[in-house]
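So you know, we letter chains A, B, ... as the sequences are listed, proteins then strands, and number each from 1.
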Amino acid sequence: MPFDQSFFDRSAVEVARDVIGFQLDIGSCGGIIVETEAYEPDDPASHSFRGPTQRNRVMFGPAAHAYVYRSYGIHWCLNFVCRPGSAVLIRALQPVGGMTEMEARRGLADPLLLCSGPGRLCQALGITIEHNGLYLFGPPFRLTPPLLPAMIVTGRRIGISQGVDLPWRFGLEGSLHVSKRFRGKYGPPPTSL
DNA sequence: TTTGTGATGCACT
DNA sequence: GTGCATCACAAAA
């Protein structure tokens, strides 16, 4: 599978598993994606469940674009748009570059708290509503595939009240940088590029 | 270690 | 008015 727009033009469950281990950079900051969640069109936990709105409209546009929304009135959260009405929530990064800048934005130096949560990583990378709708294969984003396929763990999604039993949370096995420990199971290996 | 709660914007009923 | 795809900090146990 090539790493281009078609990589994202699939179900969110597939993409959420396959982007674990990729490096996401914005400017001089970034890290390895170690935790994601999938949100599908028929999924009652998904913003797209009740159809297009002003907030979620980019979820219904072309794949490989960023969907950014405000969470609880305070934080920003970053998603990768997949097939129409589906998206992958980026939940945690292992910081790799631009640590000083990210620490300054976060007001914090603990590497385990820098990017370990969807709101935290957006604050660390400076992601805001300004990034909503931007193409993922163009600036300011840079996405780099891993050299070797990642080992995947799965579990239940966090912070939702509908669809709680779906195993649509994915993590990098053994990572200390996830937002919450995975108790669960090993998932299928990612699709190779 | 787990549980509770305030802060805060906005889509939706 | 209600309910969030959250976080930080306090308090309990």
Side-chain angles (χ1 to χ4, degrees), chain A residues 8 11-20 24 29 31 33-61 63 65-95 102-134 136 153-172 175-184 187:
Chain A
F8 291 98
S11 77
V13 171
E14 291 175 273
V15 176
R17 178 233 298 148
D18 289 354
V19 292
I20 297 292
L24 170 65
C29 303
I33 298 172
V34 297
E35 182 184 348
T36 61
E37 283 176 359
Y39 289 88
E40 297 283 9
D42 293 336
D43 165 13
S46 174
H47 288 175
S48 63
F49 185 60
R50 290 173 187 83
T53 67
Q54 194 55 8
R55 176 176 68 163
N56 68 18
R57 63 192 167 79
V58 342
M59 284 185 79
F60 293 90
H65 288 250
Y67 165 46
V68 180
Y69 69 93
R70 197 186 275 284
S71 172
Y72 291 88
I74 301 171
H75 308 99
W76 299 106
C77 291
L78 170 68
N79 292 256
F80 295 163
V81 174
C82 303
R83 288 204 300 233
S86 65
V88 171
L89 173 66
I90 308 304
R91 287 197 55 92
L93 305 179
Q94 172 186 335
M102 294 197 288
E103 289 167 2
R105 291 201 184 105
R106 292 273 294 123
L108 215 159
D110 184 341
L112 295 182
L113 294 177
L114 213 49
C115 300
S116 299
R120 290 167 175 170
L121 101 240
C122 282
Q123 186 182 27
L125 297 186
I127 293 170
T128 70
I129 194 64
E130 310 255 314
H131 296 82
N132 190 40
L134 296 185
L136 295 176
V153 288
T154 67
R156 303 212 279 224
R157 294 177 293 177
I158 292 177
I160 56 172
S161 57
Q162 307 265 328
V164 293
D165 290 330
L166 296 168
W168 287 354
R169 177 176 176 241
F170 300 88
L172 179 64
S175 176
L176 301 178
H177 296 269
V178 295
S179 64
K180 188 177 179 215
R181 269 301 198 277
F182 283 80
R183 303 194 38 204

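A 4.5 Å side-chain heavy-atom check between A/Ile158 and A/Lys180 finds at least one atom pair inside the cut-off. Within the 4.5 Å cutoff, the side chain of A/Val19 has heavy atoms near those of the A/Phe8 side chain.
Taking CZ from A/Arg50 and CG from A/Asn56, the interatomic distance works out to 11.0 Å, rounded to the nearest 0.5 Å.
With A/Trp168 as the aromatic partner, A/Arg156 does not meet the cation-pi criteria of under 6.0 angstrom to the ring centre and within 45 degrees of the ring axis.
Phosphate contact (OP1/OP2 of C/dA8, side-chain N/O of A/Arg120, threshold under 4.0 Å): present. Contact between the side-chain N/O atoms of A/Arg91 and the OP1/OP2 oxygens of C/dT6 is found at a separation under 4.0 Å. Taking side-chain N and O atoms only, A/His47 has a distance below 4.0 Å to OP1 or OP2 of C/dA5. Between A/Ser161 and C/dG3, a side-chain N or O to OP1/OP2 separation shorter than 4.0 Å is absent. Of the side-chain N and O atoms in A/Ser179, none sit less than 4.0 angstrom from OP1 or OP2 of C/dT6. The phosphate of C/dC7 has neither OP1 nor OP2 within less than 4.0 Å of any side-chain N or O from A/Arg70.
Between the CZ atom of A/Phe170 and the P atom of C/dA5 there is a distance of 18 Å, rounded to whole Å. Distance, A/Ile160 CD1 to C/dT6 C1': 14 Å, rounded to whole Å. When rounded to the nearest whole Å, the span between CD1 of A/Ile74 and C1' of B/dT5 equals 12 Å. Between A/Tyr69 atom OH and C/dC4 atom C1' the separation is 9 Å, expressed in whole Å. Here the P atom of nucleotide C/dA5 and the CH2 atom of A/Trp76 are 16 Å apart, to the nearest Å. Atom pair A/Ile158:CD1 and C/dA5:P shows a separation of 13 Å (rounding to whole Å applied). Note: CZ (A/Phe49) to C1' (B/dC12) measures 14 Å, nearest angstrom. As rounded to whole Å, 12 Å separates atom P of B/dG9 from atom NE2 of A/His75.
With C/dA5, B/dT8, B/dT13 as the candidates, the nucleotide lying closest to the side chain of A/Ser46 is C/dA5.
At a cut-off of 3.5 angstrom, the base of B/dA7 holds no donor-acceptor pair with the side chain of A/Tyr72.
Secondary-structure annotation of DNA chain C gives the stems B:1-7 with C:6-12, B:9-12 with C:1-4, with a stem taken as at least 3 successive Watson-Crick or G-U pairs whose two distances both fall under 3.5 Å.
Residues A/Ser179 and A/Glu35 bring a donor and an acceptor atom of their side chains to less than 3.5 Å of each other. Residues A/Gln123 and A/Arg105 have side chains that never bring a donor and an acceptor to within less than 3.5 angstrom of each other.
Remark on DNA chain C: of its neighbouring residues A/Leu108 and A/Asn79, the 5'-side contact belongs to A/Asn79, judged by nearest-heavy-atom nucleotide. Nearer the 5' end of DNA chain C, as judged by each residue's closest nucleotide, is the contact made by A/Leu89, out of A/Gln123 and A/Leu89.
Counting non-hydrogen atoms of other residues, nucleotides and ligands closer than 6.0 Å to CG of A/Asp42 gives a total of 12 or fewer.
With both ends at atom C1', the span from B/dC10 to C/dA8 equals 22 Å, rounded to whole Å.
Qualifying salt bridge (charged side-chain N to carboxylate O under 4.0 Å, His left out) partners for A/Arg157, counting only residues two or more places apart in sequence or in other chains: A/Asp43.
Using a 4.0 Å heavy-atom criterion, one finds that A/Arg169 contacts no nucleic acid atom at all.
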